[in-house]
Amino acid sequence: MSTHAMVKAEGVHKSYGSVEVLKGIDLEVAPQEVFCLVGPSGSGKSTFLRCINHLEQVNAGRLYVDGQLVGYRQKGDKLYELKDSEVALKRRDIGMVFQRFNLFPHMTAIENVMEAPVQVKGEAKAVARARAERLLDRVGLGDKAKNYPSQLSGGQQQRVAIARALAMEPKLMLFDEPTSALDPELVGDVLDVMRGLAEDGMTMIVVTHEMGFAREVGDALVFMDGGVVVESGHPRDVLTNPQHDRTKSFLSKVL
């Protein structure tokens with residue numbers, strides 16, 4: 001197992017024009033850790049997640065995934081931005097599941113899961129199909145392989161999206177509020193899949209409002225507000241005995 005952190009952020013800043021969204025984030029995510037990010041809307045959680053796979057560029061600071069600088073390479077004390085093709089190559093190792101499922105509507109569930117390995121990795125269709133079938137079984141949708149997204153519930157679509165991210169065999173999975181667009185009774189099925197991934201040792205960063213999931217499954221929890229890390233620790237400690245007034249105020253509204 002690697003001795004370095006799977007994700008390391010050092011003084012990460014991100015602005016949109018004059019609006020500073022991330023104001024110097026420092027944190028580390030260990031391999032095989034389930035790392036939960038919680039906080040009010042607009043606190044910078046999703047932006048930080050998008051910076052990890054360079055969907056957003058950081059304005060200052062450094063982000064490392066598995067010991068490698070994200071989006072840049074360093075020569076001496078200067079940073080040089082990587083070419084798009086180099087960024088895409090590194091992004092293959094990071095799976096991302098969005099709030100809105102972002103499935104291809106014209107493809108069946110199994111075609112959605114097969115697409116990236118075939119197109120990005122040049123994998124043989126038979127190999128990709130066999131893995132896609134296994135992954136759909138794993139997320140409880142083996143019988144929905146031929147269904148189109150429009151024929152699936154939101155929870156089923158999200159589980160297909162998780163299978164699609166796993167098809168690239170990533171070393172890190174990012175979840176951006178994966179259950180917040182779902183009807184309450186569909187949330188459990190998605191969280192069960194995520195629980196299974198955690199048990200299998202997948203490193204996961206989860207932006208979530210599901211405090212029960214964070215408490216049960218999370219290894220570490222960070223409360224963010226206003227673009228900074230306000231409080232961090234073991235989920236049970238932070239959720240049951242928050243130290244900071246801002247954390248107490250937030251949790252009193254969501255727990």
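Keep in mind that the numbers below use all heavy atoms, side chains included, and drop hydrogens, waters and symmetry copies. The chain is numbered in sequence order, starting from 1.
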*Asks:* Could you list the donor-acceptor pairs under 3.5 angstrom formed between side-chain atoms of residues 119-129 and any protein atom two or more places apart in sequence or on another chain?
*Replies:*
| unit_1 | atom_1 | unit_2 | atom_2 | d |
| --- | --- | --- | --- | --- |
| Lys121 | NZ | Met168 | O | 3.0 |
| Glu123 | OE1 | Arg131 | NH1 | 2.8 |
| Glu123 | OE1 | Arg131 | NH2 | 3.4 |
| Glu123 | OE2 | Arg131 | NH2 | 3.0 |

*Asks:* State, with a plain yes or no, whether a side-chain heavy atom of Thr47 is found less than 4.5 Å away from one of Tyr16.
*Replies:*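 Side-chain contact under 4.5 Å: yes.
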*Asks:* Using the side-chain contact (heavy atoms from CB on, under 4.5 Å) definition, which of the options Ile25, Leu69, Ile52 pairs with Leu63?
*Replies:*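 Answer after filtering Ile25, Leu69, Ile52: Ile52.
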*Asks:* Is the closest side-chain heavy-atom distance between Leu55 and Met96 below 4.5 Å?
*Replies:*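 Of all side-chain heavy-atom pairs linking Met96 with Leu55, at least one is under 4.5 Å.
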*Asks:* Table please: side-chain donor-acceptor pairs of residues 157-166 below 3.5 Å, with sequence neighbours left out.
*Replies:*
| unit_1 | atom_1 | unit_2 | atom_2 | d |
| --- | --- | --- | --- | --- |
| Gln157 | NE2 | Pro149 | O | 3.3 |
| Gln157 | NE2 | Leu152 | O | 3.3 |
| Gln158 | NE2 | Phe98 | O | 2.8 |
| Gln158 | NE2 | Pro178 | O | 2.8 |
| Arg159 | NH1 | Val139 | O | 2.9 |
| Arg164 | NH1 | Asn102 | O | 3.0 |
| Arg164 | NH2 | Phe101 | O | 3.3 |
| Arg164 | NH2 | Asn102 | O | 3.0 |

*Asks:* Please report the shortest heavy-atom distance between Pro235 and Arg215, naming the atom on each side.
*Replies:*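 Closest approach of Pro235 to Arg215: CB-CA, 4.0 Å.
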*Asks:* Identify every side-chain donor-acceptor pair in residues 184-207 under 3.5 Å, counting partners at least two apart or on other chains, and give the distances.
*Replies:*
| unit_1 | atom_1 | unit_2 | atom_2 | d |
| --- | --- | --- | --- | --- |
| Asp192 | OD1 | Arg195 | NH1 | 2.6 |
| Arg195 | NH2 | Glu216 | OE1 | 3.4 |
| Asp200 | OD2 | Arg138 | NH2 | 2.5 |
| Thr203 | OG1 | Gln32 | N | 2.7 |

*Asks:* Identify the heavy atoms of Leu22 and Phe48 that sit nearest to each other, and give their distance.
*Replies:*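 So the two residues come closest at CD1-CA, 3.8 Å.
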*Asks:* Compare all side-chain heavy atoms of Phe250 with those of Met224 and state whether any distance is below 4.5 angstrom.
*Replies:*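 No - every pair of side-chain heavy atoms lies 4.5 Å or more apart.
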*Asks:* Show the numbers, then the answer: is there a side-chain contact (heavy atoms from CB on, under 4.5 Å) between Gln57 and Tyr72?
*Replies:* CA-CA 10 Å; Gln57 294 176 324; Tyr72 300 90; 4.2 Å; yes
*Asks:* Is a side-chain donor or acceptor of Asp219 paired with a backbone partner of Val34 at a separation under 3.5 angstrom?
*Replies:*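 Yes.
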*Asks:* Has Asn241 got more than 12 heavy atoms of other residues, nucleotides or ligands less than 6.0 Å from its CG?
*Replies:*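 Yes, the 6.0 Å shell around CG holds more than 12 heavy atoms from other groups.
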*Asks:* Do Ile110 and Leu136 pass the side-chain contact (heavy atoms from CB on, under 4.5 Å) test, and can you show the C-alpha distance, the side-chain angles, and the key distance before you say yes or no?
*Replies:* CA-CA 8 Å; Ile110 197 162; Leu136 286 174; 4.0 Å; yes
